Amino acid sequence: MAGATNAAVPTLIGSVQRALRLLEAAGAHRDGAPAKQLARETGIPLPTAYHLLRTLTHEDYLRRDKGVFTLGEAVGRLALGGEVQNRRSTLEESLTHWRDAIGVPVYFAVYREGEIELVAVSDTPYSPAVHEWADFRETGHAHAIGQCLLSQLDEAARKDHLDRHPVQPVTPYSVRDQAALMERLASIGRMEPVVERQEYALGTVCAAIPITVGNLAATMAISLPLHQELRLRPAVEQLREGIGGLLRSLAFSISI
């Protein structure tokens, strides 16, 4: 019994606990505090406090200026990591809501730093997302997500992208060459949905809705099996009607 009780007691590392207390104490002072004050507030012996403060400063968790310690950039990076996770969770919850409301897989993608980036997908075993059998980034000319993002770029940015990722037929239904694709993209009206039928995956139809946040091109998209194609347009319209309420959560994902 005694052995079982001891096994349940967690092993705590005292130096880590003391370092965290020092960080909390430093963070409580907007203009920082000297080592002696932090040691006194935390109840840590001054020699030990000096040693931990030097280590925390070396690792950039604290900054020392004129004998005063303030929080360092590493603490900010930790906080940002949590903020990004919260943003991603908000986005994923939004996609899940619309997946369940419409009954289709829902995708969110952005065009960032010259590349197509699929940020999040929400699907179910009964309504699976399109299998990425060919790299989405390299085959943007062939799927609704890529075409929607490329349609939001200016002509020079489109040409730059296609020079790096040349147009090549992916299925018998894919656009055949760059000239044909550029003509198609130019014909897409501003903020109009882009519909693609079997151009990326046989037996699949997709539609993507353009979203522009600042200078960033983004899109939400849905997909359906070919035999359910009649559901595509109503599903797109349902998503478009509700997309205004999603813009805030979608904007959060810009920094994800």
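This structure is a prediction, so every number in the text was calculated from the model and none was measured.
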Non-neighbouring partners of H161 that pass ring pair (Phe, Tyr, Trp, His ring centres under 6.0 Å), sequence neighbours left out:
Y111, H165

Any heavy-atom pair between the side chains of P210 and E192 that's under 4.5 Å?
no

Worked verdict on V104 versus Q228 for side chain to side chain contact (heavy atoms under 4.5 Å, CB included)
CA-CA 11 Å; V104 296; Q228 296 182 26; over 6 Å; no

Show the nearest heavy-atom pair for residues A142 and V170, with the distance to one decimal.
CB-CG2, 3.7 Å

Can you tell me if H29 has over 12 outside heavy atoms packed within less than 6.0 Å of its NE2?
yes

For the pair H141 (side chain) and Q168 (backbone), establish whether a donor and an acceptor sit closer than 3.5 Å, ignoring hydrogens and angles.
yes

For Y126 and P128, which heavy atoms make the closest approach, and how far apart are they?
C-CD, 3.6 Å

Minimum heavy-atom distance between W98 and Q238, given as atom pair plus value
CZ3-O, 3.9 Å

So, the side chain of S174 versus the backbone of E199: is there a donor-acceptor pair under 3.5 Å, distance only?
yes

Would you confirm whether S127, through its side chain, and D123, through its main-chain N or O, come within 3.5 Å as a donor-acceptor pair?
no

Are V68 and L53 linked, directly or through other ILVMFWY residues, by side chains that come within less than 4.5 angstrom of each other?
no

Starting from V130, can I reach V236 by hopping between I/L/V/M/F/W/Y residues whose side chains sit under 4.5 Å apart?
no

Roughly how far, to the nearest 0.5 Å, is CD1 of I145 from OG1 of T139?
10.0 Å

Using modelled atom types and a 3.5 Å cut-off, is there a donor and acceptor pairing between side-chain atoms of R63 and backbone atoms of T70?
no

Could you tell me the separation between the CD atom of Q178 and the CE atom of M182, rounded to the nearest 0.5 Å?
6.0 Å

Check whether any side-chain N or O of R184 sits under 3.5 Å from a backbone N or O of Q147 as a donor-acceptor pair, and report yes or no.
no

More than 12 heavy atoms of other residues, nucleotides or ligands under 6.0 Å from CZ of R164: is that the case?
yes

Examine distances only and state if a side-chain atom of R158 and a backbone atom of S151 form a donor-acceptor pair shorter than 3.5 Å.
yes

Is there a donor-acceptor pair closer than 3.5 Å between any side-chain N or O of E196 and the backbone N or O of Q198?
yes

Please verify the inter-ring angle class for F136 with Y200; under 30° counts as parallel, over 60° as perpendicular, anything in between as tilted.
tilted

Is it the case that one hydrophobic cluster holds both Y107 and V195, taking links as side-chain heavy atoms less than 4.5 Å apart, direct or via other members?
no

Nearest-0.5 Å distance, CG of residue L95 to CD1 of residue I222
12.5 Å

Calculate, to the nearest 0.5 Å, the distance between atoms NE2 and CZ belonging to H58 and R64 respectively.
15.0 Å

Going by side chain to side chain contact (heavy atoms under 4.5 Å, CB included), F69 matches just one of L22, L62, L56. Which one?
L62

Minimal non-hydrogen separation, S223 against T204, with atom names:
CB-CG2, 4.2 Å

Atom CZ of R231 with >12 non-hydrogen neighbours under 6.0 angstrom
yes

Please round to the nearest 0.5 Å and tell me the distance separating atom CG of L46 and atom NZ of K36.
7.0 Å

Between atom CG of L153 and atom NZ of K159, what is the distance when rounded to the nearest 0.5 Å?
14.0 Å

Hydrophobic cluster identity match, L224 and M220, side-chain contacts under 4.5 Å
yes

May I ask you to decide if A218's main-chain N or O and Q152's side chain share a donor-acceptor pair within less than 3.5 Å?
yes

Closest non-hydrogen atoms of I209 and C148, given as atom of the first, atom of the second and distance, are C-SG, 3.7 Å

Side-chain heavy atoms nearer than 4.5 Å, only ILVMFWY residues, links allowed to pass through others: does that put I102 and V205 together?
yes

To check you understand the geometry: which heavy-atom pair defines the closest contact between G140 and I116, and what is its length?
CA-CD1, 3.6 Å

Taking the side chain from R99 and the backbone from V106, do they hold a donor-acceptor pair closer than 3.5 Å?
no

Checking side-chain polar atoms at under 3.5 Å, does R21 have a donor or acceptor matched by the opposite partner on T42?
no

